Enquirer: 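Take a look at this one; I'll ask things after.
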Amino acid sequence: MSAPATALPHASLLHLSPHPALGPWARTRLTRSRCLASLAPVPAPLPADANHLVQTLCASGRLARAAALLQGLPAPTQRTYESLLLAAARAGDAALAASVHRRLEADPVFRSDPFLSTRLIDAYALLGSLPAARQVFDEAPVKSIFVWNALLKALALADHGEEALARLADMGRLGVPVDSYSYAHGLKACIAASASHVPASALVREIHAHAVCRGYGLHTHVATTLIDCYAKLGIVSYAERVFAIMPERNVVSWTAMIGCYAKNERPGDAILLFQEMMASDADIVPNSITIVSILHACAGVNALWQGKVLHAYILRRGFYSLVSVLNALMAMYMKCGCLEVGRHIFNWIGHRRDVVSWNTLISGYGMHGFGHEAIQVFEEMTQVGVSPSIITFISVLGACSHAGLVDEGKRLFESMVDYNVKPRAEHYACMVDLLGRAGHLDEAVELIQGMHIRPTPQVWGSLLGACRIHCHVEYAEMACSQLFDLEPRNAGNYVLLADIYSRAKLHNQVEVLKDLLKEHALEKLPGCSWIEVKKKLHMFVSVDNKNSQVEELQALIGEFVTEMKNDGYVPDTGVVLYDIEEEEKEKILIGHSEKLAVAFGLINSGRGEVIRITKNLRLCEDCHSVTKFISKFTEREIIVRDVNRFHHFRDGICSCGDYW
DNA sequence: TTAGGGTTAG
């Protein structure tokens with residue numbers, strides 16, 4: 001069919017050949033603009049700078065045009081191949097990468113080029129095609145150290161840690177020099193070597209020793225990777241040792257060490273290290289990743305004042321344009337009890353919101369007990385076309401669980417398939433928690449028994465937690481028979497079962513469990529609470545004898561307890577597992593860290609101020625009852641964040657409705 | 001040519 005006579009003048013002009021009077025520069029420009037407009041056919045012969053044109057198309061994401069041009073290109077340059085491979089990897093276009101690969105294999109100039117072999121391996125690794133990456137390596141005629149390092153990186157990225165370590169060993173055997181890049185990839189591979197019969201910590205230590213012997217132990221990138229590896233393995237003291245001896249620390253190594261503390265439940269130390277970093281050297285300036293890490297640490301200890309200082313810093317440094325920073329800021333406010341400020345930041349982010357922003361808001365509502373609002377945000381998210389992720393469903397199911405929304409949770413769990421999200425063990429753990437807390441224990445057990453994947457400790461842990469609430473001995477024993485096998489060093493499981501036995505008056509079994517704890521030298525995680533008063537963070541440990549004010553604090557709590565007893569309150573000594581007199585048990589209850597923190601807040605803050613506390617464990621029933629009473633008796637608002645959720649105490653009532 | 005640190009949940 002011929003073009004209509006009324007075709008637009010500019011469109012028809014594009015089909016004319018460049019005027020012979022035009023110079024070479026103008027002719028090339030005209031040809032390029034036609035190609036970019038995708039209206040002109042591929043010109044033949046190709047312009048003199050066709051390689052440059054392909055590179056420009058790649059940079060602007062017009063891959064179809066770039067790929068078409070490549071086919072007729074008589075002499076692609078190294079840079080052209082590189083641009084195409086990088087663009088294909090970024091766009092997730094595996095077909096394009098394969099087509100460039102085929103073209104390269106037929107090119108006598110570059111088919112043996114080690115530079116392009118590394119680029120091919122990189123591209124296939126990013127596209128998730130490990131077999132193809134491996135094949136490029138095996139067939140590469142020249143295996144430079146770059147090619148080896150690219151393979152190590154690809155294997156570590158694909159979680160093929162054992163194979164990466166085997167290749168690293170090959171390098172030594174074949175006399176290929178190993179450099180700092182090889183060590184950095186090798187260390188990451190240790191963490192990915194989950195199926196290895198050798199523990200990851202032993203692998204990291206071995207490579208660490210090797211790097212030290214070869215003089216790479218203090219290399220900035222190697223040492224920073226070491227800090228991160230030890231952080232992920234939970235060996236904080238080793239990370240500290242590496243950090244301490246680093247001669248030339250930069251912002252990344254400081255951030256890695258701050259992140260190490262934050263990951264390993266030492267947010268207070270993360271904040272102290274950040275303050276040390278700021279005071280240490282004018283050249284070390286925190287970047288957005290440092291800010292995100294430290295905001296996470298502030299959220300961990302409810303350090304609202306420090307978080308507000310960071311908020312001001314974010315504004316000063318212009319980080320307000322970065323969504324990742326705003327997401328972390330939003331999470332910090334919500335975890336520090338300021339739900340509305342978090343919502344305000346979410347609104348402010350506007351159309352730049354990513355899936356993390358939505359997840360943060362959903363989980364924020366969830367942890368504050370606003371289940372319906374969390375579901376509403378979930379629905380809004382899907383309506384505007386954002387695909388829910390694995391974490392979205394964990395967040396929204398968790399929100400249903402905290403609010404006791406059983407039917408809504410079931411509906412959402414069943415809808416996961418509609419969003420192409422396959423339920424994982426984490427989602428089953430959420431559902432077991434939701435059903436179990438609400439008292440549907442039989443249904444929770446049926447769900448576990450029908451799982452298509454092996455139940456993880458989290459799933460059994462959810463069942464055990466529910467059994468503790470409803471004092472169900474039989475199912476608790478079922479859960480523990482799995483948990484003691486799966487995680488024999490987790491003292492918390494033994495303590496929970498002992499608690500259930502204690503409430504069921506099965507004292508002999510309590511003793512058996514206490515003996516087991518002693519036999520395995522397991523220690524219960526001590527209860528710990530934090531409170532920020534007058535811009536300073538204070539920490540309390542249960543039965544704390546170190547704080548100088550502790551006697552005064554306990555006396556104050558004792559007065560409240562006496563008042564409560566007049567109203568019929570009976571201390572819930574069931575949570576104390578020691579075989580001691582009732583009076584002694586009551587003393588232990590008075591020494592619980594959250595009660596000490598509440599009393600400290602009352603004494604050291606003004607009447608109108610909200611008391612904000614964070615606890616590292618679940619709030620015990622007795623502390624819950626006492627805090628409710630204190631909120632009414634003293635007319636103070638008290639907000640406690642425990643390991644699961646928020647409790648807003650006001651006028652003798654808690655926002656959780658005694659359901660947590 | 002290549003490499004190191006981060007947010008959302010449980």
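When reading the values below, keep in mind they use all heavy atoms of this one structure, side chains included, and skip hydrogens, waters and symmetry mates. Throughout, protein chains are lettered first and strands after them, A, B, ... in sequence-line order, and every chain is numbered starting at 1. Note that the structure is predicted; figures quoted are calculated from it, not measured.
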Enquirer: Ignoring hydrogens and geometry beyond distance, is a side-chain donor-acceptor pair present between A:T392 and A:S395 at under 3.5 Å?
Expert: no
Enquirer: Taking the side chain of A:Y181 as heavy atoms from C-beta outward, which of B:dT2, B:dT8, B:dG10 is closest to it?
Expert: B:dT2
Enquirer: Look at all strands and tell whether A:N149 reaches a base, only sugar-phosphate, or nothing, counting heavy atoms closer than 4.0 Å.
Expert: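 Touches a base.
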Enquirer: When you measure from the side chain of A:N327, which nucleotide among B:dT7, B:dG4, B:dA9 comes out closest?
Expert: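 Selected nucleotide (nearest to the side chain): B:dT7.
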Enquirer: Look at the side chain of A:S324 and the base of B:dG6, then say whether one donor and one acceptor between them are separated by less than 3.5 Å.
Expert: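 A donor-acceptor contact between them is present.
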Enquirer: Do A:T255 and A:S293 have a side chain donor and acceptor closer than 3.5 Å?
Expert: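 Side chains of A:T255 and A:S293: no pair found under 3.5 Å.
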Enquirer: Across the strands shown, which category fits A:M332 at heavy-atom distances under 4.0 angstrom: base, sugar-phosphate, nothing?
Expert: nothing
Enquirer: Once you apply a heavy-atom cut-off of 4.0 Å, does A:H219 come out as touching a base, just sugar-phosphate, or nothing?
Expert: base
Enquirer: Categorize A:S462 for me: base, sugar-phosphate, or nothing, with a 4.0 angstrom heavy-atom threshold over every strand shown.
Expert: nothing
Enquirer: Quick check for you: among B:dT8, B:dT2, B:dA9, whose closest atom lies nearest to any side-chain atom of A:A331?
Expert: B:dT8
Enquirer: Check if the side chain of A:T118 and the base of B:dT1 share a donor-acceptor pair of N or O atoms closer than 3.5 Å.
Expert: yes
Enquirer: Between A:H208 and A:Y238, is there a side-chain donor-acceptor contact under 3.5 Å, judged purely by atom types and distance?
Expert: no
Enquirer: Among B:dT1, B:dG4, B:dG6, which nucleotide sits nearest the side chain of A:T224?
Expert: B:dG4
Enquirer: From CE of A:M416 over to C1' of B:dA9, roughly how many Å is that when rounded to an integer?
Expert: 12 Å
Enquirer: Across the strands shown, which category fits A:E426 at heavy-atom distances under 4.0 angstrom: base, sugar-phosphate, nothing?
Expert: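 Base, at least one base atom sits under 4.0 Å.
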Enquirer: Kindly point out which of B:dA9, B:dT1, B:dG4 is positioned nearest to the side chain of A:S144?
Expert: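 Of the options given, the side chain of A:S144 lies nearest B:dT1.
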Enquirer: Are a donor atom and an acceptor atom from the side chains of A:H402 and A:Y659 found within less than 3.5 Å of each other?
Expert: no
Enquirer: Between the base of B:dA3 and the side chain of A:S180, is there a donor-acceptor distance below 3.5 Å?
Expert: yes
Enquirer: Consider only side-chain N and O atoms of A:N327 and A:S324, and report whether a donor and an acceptor are under 3.5 Å apart.
Expert: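 No, because no side-chain N or O of A:N327 sits under 3.5 Å from a partner of the opposite role on A:S324.
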Enquirer: Tell me whether A:R249 is salt-bridged to A:D283, with the criterion being a basic N under 4.0 Å from an acidic carboxylate O.
Expert: no
Enquirer: Spell out yes or no: do the side chain of A:N644 and the base of B:dG10 have one donor N/O and one acceptor N/O closer than 3.5 Å?
Expert: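 No, no donor-acceptor pair under 3.5 Å.
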Enquirer: From the options B:dG4, B:dT2, B:dT7, select the nucleotide whose nearest atom is closest to the side chain of A:D179.
Expert: B:dT2
Enquirer: Provide, to the nearest angstrom, the distance between the CZ atom belonging to A:R352 and the P atom belonging to B:dT7.
Expert: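 It is 20 Å, rounded to the nearest whole Å.
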Enquirer: In whole Å, what is the span from the CE atom of A:M431 to the P atom of B:dA9?
Expert: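 The distance from CE of A:M431 to P of B:dA9 comes to 20 Å, rounded to the nearest Å.
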Enquirer: Indicate, yes or no, whether a donor-acceptor pair under 3.5 Å links the base of B:dG10 to the side chain of A:D433.
Expert: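 Under the 3.5 Å cut-off, the side chain and the base do not form any donor-acceptor pair.
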Enquirer: Among B:dT2, B:dG10, B:dG5, which is the nearest nucleotide to the side chain of A:T290?
Expert: B:dG5
Enquirer: Looking at B:dG4, I'd like to know if its phosphate oxygens (OP1 or OP2) sit under 4.0 Å from a side-chain N or O belonging to A:S253.
Expert: no
Enquirer: Is the closest basic N to carboxylate O distance between A:D107 and A:R111 below 4.0 Å?
Expert: no
Enquirer: A:K153 NZ to B:dT1 C1': how many Å, rounded?
Expert: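 One finds 10 Å between C1' of B:dT1 and NZ of A:K153, rounded.
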Enquirer: From the options B:dG5, B:dG4, B:dT7, select the nucleotide whose nearest atom is closest to the side chain of A:T220.
Expert: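 Nearest nucleotide to the side chain: B:dG4.
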Enquirer: Whole-Å distance between B:dT8 P and A:L295 CG?
Expert: 10 Å
Enquirer: Between B:dG10 atom P and A:K263 atom NZ, what is the distance in whole Å?
Expert: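 These atoms are roughly 19 Å apart.
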Enquirer: Would you call A:F115 stacked on B:dT1, i.e. ring centres under 5.5 Å apart with the planes less than 30° off parallel?
Expert: no
Enquirer: From CZ of A:F378 over to C1' of B:dT8, roughly how many Å is that when rounded to an integer?
Expert: 15 Å
Enquirer: At 4.0 Å (heavy atoms only), tell me whether A:D122 reaches a base, stays on the sugar-phosphate, or touches nothing.
Expert: nothing
Enquirer: Among B:dT7, B:dA9, B:dG6, which nucleotide sits nearest the side chain of A:V356?
Expert: B:dT7
Enquirer: Between B:dG6 and A:S293, counting only base atoms on the nucleotide and side-chain atoms on the residue, is there a donor-acceptor pair under 3.5 Å?
Expert: no
Enquirer: Rounded off to whole Å, could you give me the CE-to-P distance for the A:M330 and B:dT8 pair?
Expert: 10 Å
Enquirer: Given B:dT8, is OP1 or OP2 found less than 4.0 Å from the side-chain N or O atoms of A:H296?
Expert: yes
